[in-house]
Every structure is written in structure tokens, then in C-alpha cells.
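As C-alpha cells, the structure follows; a few thoughts come after it.
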2 protein chains.
Amino acid sequence: LIKLKSISKIYKMGSIDVPALRKIDLNIKRGDYIAVMGPSGSGKSTLMNIIGCLDVPTSGEYFLNNRDVSKLNDNELANIRNKEIGFVFQTFNLLPRLNAQKNVELPLIYGGKTKKERNEISMDLLKKVGIGNRASHLPGELSGGQRQKVAIARALANNPDIILADEPTGNLDTKSGAEIMTIFDKLNDEGTTILLVTHESFIGEHANSIIHILDGEIEKHVKVSK
Amino acid sequence: LIKLKSISKIYKMGSIDVPALRKIDLNIKRGDYIAVMGPSGSGKSTLMNIIGCLDVPTSGEYFLNNRDVSKLNDNELANIRNKEIGFVFQTFNLLPRLNAQKNVELPLIYGGKTKKERNEISMDLLKKVGIGNRASHLPGELSGGQRQKVAIARALANNPDIILADEPTGNLDTKSGAEIMTIFDKLNDEGTTILLVTHESFIGEHANSIIHILDGEIEKHVKVSK
Ligand SMILES: Nc1ncnc2c1ncn2[C@@H]1O[C@H](COP(=O)(O)OP(=O)(O)OP(=O)(O)O)[C@@H](O)[C@H]1O
Ligand SMILES: Nc1ncnc2c1ncn2[C@@H]1O[C@H](COP(=O)(O)OP(=O)(O)OP(=O)(O)O)[C@@H](O)[C@H]1O
Ligand SMILES: [Mg+2]
Ligand SMILES: [Mg+2]
């Protein structure tokens, strides 16, 4: 499903090069459930952004469903970002002038859903992540964990084949974190491919395997014993 | 040092009232080291913002060093926010057009330090939190955890009497989180009063006691057995 060949990402800052990813090789099969762990600054978000078609590598190749992503046009990329991949951002990235429900509805507009469908789907998702009673709050009127839940609901809106979640429980209390992981576990049982970045091993152990990243490289890829 | 009497915070949203804090009574002595824990949306950040003089309660009284905070003028409040209290925000709140070092220097300008002093103090702090090599990066050129470290360094800049840290390790890998807690533990040994919000019990257990918040109220305040 996802094939990365010798993917590198180098940020150029004046005369200095910051190598965020170095020749990453990675194969992810449909239905995989993989956790990505590693120190701050090791390249996890950069890797997720490239897989999610939100950023381009400096070198190397990325095949999604056997299509060379670097050869796709803007419409095809937008379609992937909005319908095939659900992305939970580390910094949530909600639109500040839309309330929680409208933020969740955004991908549904792209997905061609009717107004009635968008209303139902978004409310269902907000209730599912436990904030049905915050639907009309703006992001600035929500707690950190509530914003994270809106970001998660939005990622699930179009029932995507692939979920990329960058530290989805970082701002959640233990109980909320467990509820979100139950949602992800169930989606994976139903066939959704899931990549999730986390700093917490007990969250990572919900996955079937864990990729450890260090200084822009994959250090090891270990199965989770269940 | 900090005395809250029947502090309430009610957000008015049209015809609906959202009670974020309900009649909170709290006494914090100089040198206390207290963790604040509770579910998402329970009122932790709201409580921290009131204590940090960043927000005003709807009712109740707040005495800081025996001064009624509601009677202080803008200059006195700015002085408290910039010199007496160091605040680590849950969402970091860095200035996007200043690099890491300049963000850390900001409180030092208010503190009347010379240019040379600001340069030395900010670089020391960035190295102390482990990102000396990211001093010239803008926030947008930093990882989530690196931004959090800049926010922590900035809170320490003026060597404040009180540190209010709202989930300071939420985006940090385990090792970085432990390094930050070592810094906080040492500051408390040296007399700094510390309030820190966390979702992780093993982080909370660095403190001397833990306040559990539920639905805007203090449910219990328990000593940490060491
Ligand atoms: N400006 C606002 N208008 C309306 N309601 C608000 C506003 N700000 C916060 N709230 C509500 O107040 C409650 C408390 O928010 P607060 O940010 O203090 O929670 P928290 O305990 O810090 O949560 P978290 O652990 O998720 O960060 C939440 O239910 C939130 O929806
Ligand atoms: N635009 C940029 N310009 C320069 N360097 C950058 C830029 N964006 C990221 N970096 C650097 O690339 C490295 C990898 O960043 P990345 O955000 O992928 O880390 P991460 O593993 O997600 O960390 P965290 O766990 O803290 O979120 C970091 O050292 C960061 O400073
Ligand atoms: Mg990251
Ligand atoms: Mg909060």
C-alpha cells in the first residue's frame, strides 16, 4: 500500500543543512497497524507529513497504491489528502473561526456529502470521541484535550483507508486516551491501515509493530507481542 | 503565597453558561510542589490561567502574596506575569516570527537585562533543555517537542518564584520528559514554588502532592508518598 524507497528530507537553512530524514526504506501493507516512536526531533512528524502527501521528500521515491506520488497532479493529491488519508496533526490545526462541528464537517464537504449527511456524521463523530456537548464551541473555547478530540473526529470523517495520527493522545487524560485507542483498534479490525506516532509505549503497544526512529533513520522495526 | 477563595469561572455562550470552575478554595505555600490532574475539560488550564493572572475569575477572591489580585493595576499585573511567574502554556504560545533564542529572551527584555546578558542566559537555558543547536530555528522549523522545550526555557528565563507548567511534557519523549522533571525538581529544592498540570501519574509523582480536579471542582488533594 505504502512504499518508501530511500526517502530523505533535508531542510536548507542558509548555509546549514538539517537532515530530518535519511534514506528511509519502508513498506506498509494494507491493514497494518504500526506505531512510530523516537526522541523529540528524530523525524517522526516529517515522515508522517511525507506519507500523508503534505510535504515532499528531498530525494527518494514514494509509491501509494503503486502510484508514484511525485507524478500526481494537484487534484489527485487533494483527493488523497481529503478522502484516502485521515490525518490527526500533532498541533491539531483546527480552523479557528469554525466551531467544532464545522471543523469536523470540512472533509465531508470535499467528500460530496449533503448538508443533512454532514450534520449527522459530524455529530456522531463528536459524540463518539466524547465531546458531543461541545459542538458549537470554537477551538479557542475548548480545552487542549477537547481540541485534540475534534482533530481526531475530523480525521475519521470520510472513513479513510489510512489513518495517520501524530501523537493523538498527547493532550488526553488516561481514560480519554484509552477511548480513542479503542476507536483506532476497532477501525483496524475493520481493515483501516493505521500509523500512529506516540511517546507512550502503552499506547504504541495497541499496534501490531513499532518502528523506532533515531536521528532521521529507522533504527528497528519490532513486532508487538500480544 | 497563593490563596484562592471560592473562585468560580463561568463562560457565557449566548444563553448557555459553561461553568469551568466552581467555588475553588486553594492555599499554596511558598516552596510547594503540586501536580494538578483530572480529565480533559475539567478546568485545569482555566485554574492555571487565573493563578497566572492571565484570566480573571467570574467570582471569588485571589490573593497573591497577600495582595488582592483584582485590585492590582496593569503595570503590577504585567510585572507579576513577566517576573514573578514563569508560565509554560499547554499550546506553547511562541511568537512565530522570532527564533527559539529570541522567544526565550523576551521575558529578559522586560526584566531589564543587557543584550549580552540576554544572549548568555537564553543560550544557557536552551542548552539546559537540550536544544542549544536549534537556537536560530523559527517555531515553524521545530518539532513539537522542541517547541515545548523553548516554551519551558522561556518560562525559566527570569528565574521566577513561581512556575506554572501546563502539561510541560505532553509532547516530549520519555527521556526528554525526565530531563525536564529533573530541572523542575532541582528548582523546587532551591525554593521555587511549582504547580504543574499533567495527565501522567509518574510525572505527577515528582511533586509533593496531587490535586485532582473533576468538573471544575477540587475532588481531593493527596500527598505523594516518596
Ligand atoms: N472561552 C471559552 N468559552 C466557553 N467554554 C470554554 C472556554 N474556554 C474553556 N471552556 C470550557 O471550559 C472547560 C474547562 O477547560 P480547561 O481548558 O480548563 O480544561 P482542562 O482541564 O485544561 O482540559 P485539558 O486536559 O483537555 O487541557 C472545558 O469544558 C471547555 O470546553
Ligand atoms: N522547516 C524546518 N526547517 C529546519 N528544520 C526543521 C524544519 N522542520 C523540522 N525541522 C527539524 O527536523 C527535525 C525533525 O523534526 P520532526 O518534527 O519530524 O521531529 P519529531 O520526531 O516529530 O519530534 P517531536 O517528537 O518533538 O514531535 C527536528 O530536529 C527539527 O528541528
Ligand atoms: Mg512531531
Ligand atoms: Mg488544559
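So you know, we letter chains A, B, ... as the sequences are listed, proteins then strands, and number each from 1.
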Taking atom types as modelled, find out whether A:S176 and A:D173 have a side-chain donor-acceptor pair closer than 3.5 angstrom.
yes

So among A:I162, A:L4, A:L64, which one has a side-chain contact (heavy atoms from CB on, under 4.5 Å) with A:I51?
A:L4

Between A:M37, A:H137, A:Q146, the one whose heavy-atom pairs under 4.5 Å with chain B are most numerous
A:H137

How many angstroms lie between NZ in A:K149 and CD in A:E179, if you round to the nearest 0.5 Å?
6.0 Å

Which region of B:Q148, side chain (C-beta onward) or backbone (N, CA, C, O), has a non-hydrogen atom less than 4.5 Å from a non-hydrogen atom of chain A, or is it both or neither?
neither

Below 4.5 Å from any heavy atom of chain A, which atoms of B:T91 appear? Answer side chain, backbone, both or neither.
side chain

Select, from A:N171, A:T169, A:T174, the one with the greatest count of heavy-atom pairs under 4.5 Å involving chain B.
A:N171

Distance-only donor-acceptor check, side chains B:D166 and B:S45, under 3.5 Å:
yes

If you measure from CG on B:L138 to CG on B:L94, what distance do you get to the nearest 0.5 Å?
10.5 Å

Ranking B:M13, B:E167, B:E200 by heavy-atom pairs under 4.5 Å to chain A gives rank one to B:M13

If you tally heavy-atom pairs under 4.5 Å between each of B:G170, B:S42, B:G130, B:S40 and chain A, the highest tally belongs to B:S40

The interface call for A:S143 against chain B, heavy-atom contacts under 4.5 Å, is side chain

Show your working on salt bridge (Lys or Arg N to Asp or Glu O under 4.0 Å) between B:D25 and B:K5 and close with a plain yes or no.
CA-CA 5 Å; B:D25 292 318; B:K5 272 176 70 175; over 6 Å; no

